[in-house]
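In what follows, a structure is listed as structure tokens, so that the remarks can point back to it.
On a predicted model such as this, the values are computed, not experimentally measured, just so you know. So you know, we letter chains A, B, ... as the sequences are listed, proteins then strands, and number each from 1.
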Protein chains: 2
Amino acid sequence: MTTSEAAAGPALAAAAARLRVAVPSVADRVAAELRLQLAEGLLLPGARLTESTIAEDLGVSRNTVREAFAELAAERLVVRHPNRGVFVASLEAGDIHDVYTVRRAIEVSAISGGGSPERVAAVRAAVEEGKAAAAANDEEGLGNANQHFHGAIVALAGSRRLDTIMSQVLAEMRLFFHKATVDAHFYRGYLPDNEEICSALEAGDLDRAGELLLAYLNRSEERQAAVHGE
Amino acid sequence: MTTSEAAAGPALAAAAARLRVAVPSVADRVAAELRLQLAEGLLLPGARLTESTIAEDLGVSRNTVREAFAELAAERLVVRHPNRGVFVASLEAGDIHDVYTVRRAIEVSAISGGGSPERVAAVRAAVEEGKAAAAANDEEGLGNANQHFHGAIVALAGSRRLDTIMSQVLAEMRLFFHKATVDAHFYRGYLPDNEEICSALEAGDLDRAGELLLAYLNRSEERQAAVHGE
DNA sequence: AATCGTCGGATTGTTGAACAATCGGAGAAA
DNA sequence: TTTCTCCGATTGTTCAACAATCCGACGATT
């Protein structure tokens with residue numbers, strides 16, 4: 001394989017890699033299914049995930065479910081209590097600050113680097129997506145657009161590792177939101193912020209974009225703490 | 001359980017949590033053993049890890065080894081090639097920049113927050129640890145002290161999540177170092193930097209500390225790229 | 001009545017064996 | 001040399017079993 005790769009160049013290798021991920025293992029598919037149910041709020045924080053039940057429901061072996069659990073536990077979406085089982089993770093008051101600490105570090109750093117025009121365009125696209133959702137009164141779409149916006153900001157850095165870290169953090173937050181339903185106008189207030197941040201980014205005023213983003217995150221954390229925290 | 005916890009207060013709950021981690025599962029112990037061998041360079045990047053071999057060597061089942069692999073893969077220490085096996089991860093040229101992008105985001109953000117006196121003291125302790133190792137001509141100790149230094153900087157933020165991210169990144173870098181042995185004075189040149197950064201931190205000049213740290217990371221990345229990159 | 005053991009059922013942790021699917025390489029054929 | 005085919009080895013997955021552990025219920029003691 002290494003010889004054929006060297007001969008055929010990186011194009012084929014990339015295609016092979018794409019084909020590989022196109023046929024994920026059963027354990028990966030189980031993990032994906034559970035991730036989906038978690039994101040959709042079908043599995044609420046604190047809920048218990050019984051191995052045998054999931055194994056039956058999805059028609060796979062218990063061991064395979066176990067491997068899927070290992071994946072999800074590594075992503076903090078699920079918590080293992082030895083000899084007791086795995087439970088859907090539930091963020092406590094302290095976790096809110098923790099998550100936002102990560103977001104501040106990653107997002108502010110990413111935006112301060114600027115990023116290529118295509119990536120800036122992706123940020124703009126997320127802003128417009130949010131506006132469209134607002135116009136359509138699509139609350140869920142508004143939330144998704146907001147996550148896309150922040151994901152696009154991190155993507156400015158062009159770092160695989162930062163991207164995966166961010167997507168994990170966003171998955172955690174998504175989980176968290178299902179705990180207490182947010183009011184209908186929760187995200188709407190953030191639209192002008194996103195617009196302003198994006199404009200500063202497009203104008204090349206990275207310092208200002210960074211400051212706005214930081215202020216936004218601080219405000220967002222306060223709000224989250226007020227809604228959930230004690 | 002919840003009732004007794006509520007009655008006994010957080011002290012007992014913390015003790016229980018401590019006892020829990022004190023009895024890790026077999027899979028966790030296997031993962032820990034492999035992590036150790038990886039850190040010590042016993043398993044070099046690119047090396048193949050055969051399930052049955054490891055299962056025999058450690059006297060555990062293949063399924064258990066598999067669970068351990070899932071852990072390590074989530075930490076990027078190991079790469080799974082479907083139907084071919086798992087291999088010790090080997091950082092390519094692009095990964096160097098990627099890893100340093102994460103470090104810049106996390107470390108600079110952490111130091112800009114300052115941190116409690118105890119945590120600043122931990123940074124100072126790492127600096128002194130490095131000086132002692134230099135005096136003793138202990139190259140390995142010098143490397144460890146350097147990692148402790150940067151770990152202590154991230155710990156300033158007091159974020160569990162940032163800490164685990166950082167330790168994973170450091171584990172990746174440790175792996176990377178074994179690929180090509182660094183020259184004896186590789187770390188020694190960084191001692192004055194660490195001292196200066198620590199002094200600025202202690203003096204409360206966070207802006208300066210952040211700038212110094214950023215410059216350090218940029219220089220370090222250049223050097224790594226020169227040694228390994230293409 | 002409240003607390004404290006004790007017991008039993010249920011679930012997890014781990015093992016061992018089995019089988020299909022897949023891969024890489026060795027050798028045969030062109 | 002290049003290509004094709006086949007074989008051995010390893011992975012992916014399942015199944016069944018067992019010990020260890022936990023939870024809750026039931027009953028005994030003060």
Gap between atoms [atom1] and [atom2], on [X] and [N] respectively (whole Å):
{"X": "I54(A)", "N": "dT12(C)", "atom1": "CD1", "atom2": "C1'", "value": "13 Å"}
{"X": "E56(B)", "N": "dT10(D)", "atom1": "CD", "atom2": "P", "value": "10 Å"}
{"X": "H81(A)", "N": "dC22(D)", "atom1": "NE2", "atom2": "P", "value": "13 Å"}
{"X": "E51(A)", "N": "dC15(D)", "atom1": "CD", "atom2": "P", "value": "15 Å"}
{"X": "N83(B)", "N": "dT11(D)", "atom1": "CG", "atom2": "P", "value": "10 Å"}
{"X": "R29(B)", "N": "dG13(C)", "atom1": "CZ", "atom2": "P", "value": "13 Å"}
{"X": "D28(B)", "N": "dT12(C)", "atom1": "CG", "atom2": "P", "value": "16 Å"}
{"X": "E67(A)", "N": "dG12(D)", "atom1": "CD", "atom2": "P", "value": "8 Å"}

Closest to the side chain of S61(A), out of dT14(D), dT11(D), dT15(C), is dT14(D)

Any idea which of dT14(D), dT15(C), dG12(D) is nearest the R66(B) side chain? dG12(D)

Side chains of R174(B) and Q147(B): any donor to acceptor distance under 3.5 Å? yes

Side chains of E107(A) and S109(A) only: does a donor on one sit below 3.5 Å from an acceptor on the other? no

Is any N or O donor-acceptor pair between the side chain of R62(A) and the base of dG13(C) shorter than 3.5 Å? yes

Using the rule given for ring-ring contact (aromatic ring centres under 6.0 Å, His included), can you reason through Y216(B) versus H150(B), listing the C-alpha separation, both sets of side-chain angles and the distance that settles it, and then say yes or no? CA-CA 11 Å; Y216(B) 165 102; H150(B) 291 278; 4.9 Å; yes

Starting at the 5' end of DNA chain D, which residue's closest nucleotide do you reach first, T50(B) or N63(B)? T50(B)

Quick check on [N]: is either OP1 or OP2 less than 4.0 Å from any side-chain nitrogen or oxygen of [X]?
{"X": "R80(B)", "N": "dG12(D)", "answer": "yes"}
{"X": "T64(B)", "N": "dG13(C)", "answer": "no"}
{"X": "R84(B)", "N": "dT10(D)", "answer": "no"}

Whether D98(B) side chain and R161(A) backbone form a donor-acceptor pair below 3.5 Å: yes

E75(A)/R35(A) ion pair, N-O < 4.0 Å: yes

